[in-house]
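The chains referred to below are lettered A, B, ... by the order of the sequence lines, with proteins before strands, and numbering in each begins at 1.
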Amino acid sequence: MHCRNGRNILFKFKGTIKMLDIKFIRENPDIVKHACQVKNFPDHTSEILDLDARIRELKTITQNKTAEKNKISREIPTSSDKATLVARSKEISAEIASEMSELAEKESRLNDLMHCVPQIPDDTAPIGDDDTANTILKVMGTPRTFDFTARPQWDLLDMNGWWAPEKISKICGARTYCLIGEAAELDLAIQTYVIQKLISRGFKYIECPSITKPETIFNAGHFVGSDMSVMKNDVFALNDEDKCLAGTAEIIINSLHSDEILSENELPLKYAGFSPCFRREAGAAGRDTRGLVRFHQFNKVEQYVFCRPQDSEKFYQELLKNLCDIMEDLELPYRVITNSTGDMGFNKIKMNDVEAWVPSENTYRELGSCSLIGTFQSRRTNTRYRENGTNEVKFCATMNNTGIALPRVLVPFIENHQNPDGSVNIPKALQPLMGGRTKIGGKH
RNA sequence: GGAGACGUCGCAUAGUUGGUCUAGUGCGCCACAUUGGAAAUGUGGUAUACCCGCAAGGGUAUCAAGGGUUCGAAUCCCUUCGUCUCCGCCA
């Protein structure tokens, strides 16, 4: 992952970027230690606190010396004994330099460790190492019982000429797909439907780039540590450019208001973002290789909200409901999972996956993921708002949920809505966007 | 891709022979005064982060970002990022 000038794009951050507030860690070390434990991340709390204490000590010393130096510099122009003052100033500079070097070293180390402290999970999250500890929050709809032999997605796609997997793999490589004819129309109709629904619920539609800088991806807080190489299994880096392909519009929207101080009156900011999504899926070799499930590139509509921290739960439930409503509009049986502490990821407070029923697998498969992030991402992006009345500057809370993932949603869609002749029924909500058709495919 | 210009405290601007710039001015915003109320006007205020301190208060840093020269940098040098204008190319 080297670019043309020989510089490694996997750089380390300079300056102090916090995921959790150092003050919070200072005051609540036990909570942080517990979070590391239940999320399965190494616990550096003690070293962080030691570094923090030494850094503050060094700052006090160096800042006091700098103050003296500045004072001397101000006196020099009007002094009659410039030489003495200049000499004294140089002396102080030398002292500062050595302390600053220790300070820089300690801050760098602290910064690295701060990037490794996970977000504190919510009390309601089941504690466990992985997805086996997840719990079921609710189940909606009843899996359909077929009075004929239901076909798996790939058979339906084959018989209707809706894709060309071998051809596309030959042309474009493994884990790519194409949609042809009515399936492509359906894909677009679903995308449009979801975007319009979110717009009607107060979201601002935004089309996002997929090409982005590595630090933008890093600022979304999915990755642990400050070394960008942690992204290498998940993110495509463009050769000869300090650019990567974003895995989701969440990454772009997350940085949309970076370094801004928003007015409290502007909140909440709700975005419905669309972008092509790119994932290396390097750790998924051999999994989901058949059908429209897992690709290096796909499309996604993403819900994303910036709000006041105290409104987090309200909007989180709203995002979750939006996806549930979309499942119901698409007439798909689904369930909502509450993800365990070990399954929710580094930057999340809590997470609920939405899974749709897939008849050919006789199980539910993930279609979307709703995540409560708190101020974790906004600390990385420095996205804040000014509180009315107090005028205090505070970090925004952020959260995100899938709006719809394409083409994956077609898997449960075409299987659940299939007919014996291989045709697929179109739910009422979608018919206007499909030119009024009530079904597609089959032997017309 | 080629050539040139540029990036200042919410917005617009002043400031580039280094030191009264701890950044001026206008607009906006907030408070107060004036008013029956408002407009207009007047006065004052109006960044962020961190460090020390019980507090009052003091200090450090930030003029796109990072580094350098210097006793001292918005001003000089280097790098990076970004913007604009022509040309080229093109959905």
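In terms of position on RNA chain B, the residue among K213(A) and R386(A) whose nearest nucleotide sits closer to the 5' end is R386(A). Comparing V393(A) and S93(A), the nucleotide of RNA chain B nearest to each residue sits closer to the 5' end for V393(A).
Base-pair partner of rU43(B): rA31(B) (Watson-Crick or G-U wobble, both distances under 3.5 Å). Across all strands shown, nothing is found opposite rC90(B) as a Watson-Crick or G-U wobble partner with both distances under 3.5 Å. Searching all strands for a Watson-Crick or G-U wobble partner of rU75(B) with both distances below 3.5 Å returns nothing. rC50(B): Watson-Crick or G-U partner is rG59(B), with both key distances under 3.5 Å. rG36(B) makes up no base pair with any nucleotide shown, lacking Watson-Crick or G-U wobble contacts both under 3.5 Å. Of the nucleotides present, rG82(B) is the one that pairs with rC6(B) by Watson-Crick or G-U wobble criteria, both distances under 3.5 Å. Pairing for rU22(B) is absent, judged as Watson-Crick or G-U wobble with the two contacts each under 3.5 Å. Across all strands shown, rU70(B) has no partner, as no Watson-Crick or G-U wobble contact with both distances under 3.5 Å is found.
Proximity note for R56(A) (side chain, C-beta onward) versus rA49(B), rC51(B), rC71(B): the nearest is rC51(B). If you check rA49(B), rC52(B), rU60(B) against the side chain of T66(A), the one that comes closest is rU60(B). Out of rU60(B), rU48(B), rC51(B), the shortest distance to the side chain of R26(A) is found at rC51(B).
Aromatic ring centroids of F376(A) and F346(A) lie under 6.0 Å apart.
Note on ring orientation: taking the six-membered ring where Trp is involved, the planes of F236(A) and H296(A) are perpendicular (angle over 60°, cut-offs 30° and 60°). Relative ring orientation between F306(A) and H257(A) is described as perpendicular, the plane-to-plane angle rising above 60° on a 0-90° scale split at 30° and 60°.
Between K90(A) and the phosphate of rC71(B), there is a side-chain N or O to OP1/OP2 separation shorter than 4.0 Å. Checking the phosphate oxygens (OP1, OP2) of rC71(B), no side-chain nitrogen or oxygen of K69(A) falls inside 4.0 Å.
Here, rG15(B) and rU8(B) have their C1' atoms 9 Å apart, quoted to the whole Å. rC84(B) and rC30(B) have their C1' atoms separated by 35 Å, given to the nearest Å. Rounded to a whole angstrom, the distance from the P atom of rA5(B) to that of rA91(B) is 32 Å. The same atom, C1', is picked in rA12(B) and in rG67(B); the two are 31 Å apart, to the nearest Å. Distance noted for atom P between rA23(B) and rU48(B): 15 Å (whole Å). For the P atom pair drawn from rA31(B) and rC71(B), the interatomic distance equals 50 Å after rounding to whole Å. Of the P atoms belonging to rU13(B) and rG66(B), the separation is 25 Å, rounded to the nearest Å. The gap from the P atom of rA14(B) to that of rU25(B) amounts to 15 Å, rounded to the nearest Å.
Side-chain N or O atoms of S79(A) include none that pairs as donor or acceptor with a backbone N or O of I76(A) at under 3.5 Å.
Considering only heavy atoms from C-beta on, D353(A) comes within 4.5 Å of N339(A) through its side chain. In this structure, I426(A) and L186(A) have side chains that are in contact, with non-hydrogen atoms separated by less than 4.5 Å. Within the 4.5 Å cutoff, no side-chain heavy atoms of R279(A) are placed close to those of D234(A).
Distance R384(A) CZ to rG10(B) P: 12 Å, rounded to the nearest Å. Summarising the geometry, the separation between CZ on R54(A) and P on rC52(B) is reported as 13 Å, rounded to the nearest angstrom. Here the C1' atom of nucleotide rU60(B) and the CD atom of E107(A) are 12 Å apart, to the nearest Å. Computed from coordinates, the E68(A) CD to rG72(B) P distance equals 14 Å when rounded to whole Å. In this structure, CD1 of I96(A) is placed 10 Å from C1' of rU60(B), rounded to the nearest angstrom. For the pair N391(A) CG and rA31(B) C1', the computed distance is 12 Å after rounding to whole Å. Going from atom CD of E260(A) over to atom P of rU48(B) covers 15 Å, rounded to whole Å. In this entry the distance linking CD of E75(A) with P of rG72(B) reads 15 Å, nearest Å.
Across all strands shown, I261(A) has heavy atoms under 4.0 Å from sugar-phosphate atoms exclusively, and none from any base.
Annotation: cation-pi geometry not satisfied between R308(A) and Y385(A) (NZ/CZ under 6.0 angstrom from ring centroid, within 45° of ring axis).
The list of side-chain hydrogen bond (donor to acceptor under 3.5 Å, both in side chains) pairs with a residue in residues 281-293 of chain A, not counting sequence neighbours, reads E281(A)-R294(A), D288(A)-R294(A), D288(A)-R365(A).
The only member of V305(A), N352(A), D311(A), N400(A) that meets side chain to side chain contact (heavy atoms under 4.5 Å, CB included) when paired with Y316(A) is N352(A).
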Pairs under 3.5 Å (N/O, protein and nucleotides 18-22 of chain B):
residue, atom, partner, partner atom, Å
rG19(B), N2, S73(A), O, 3.3

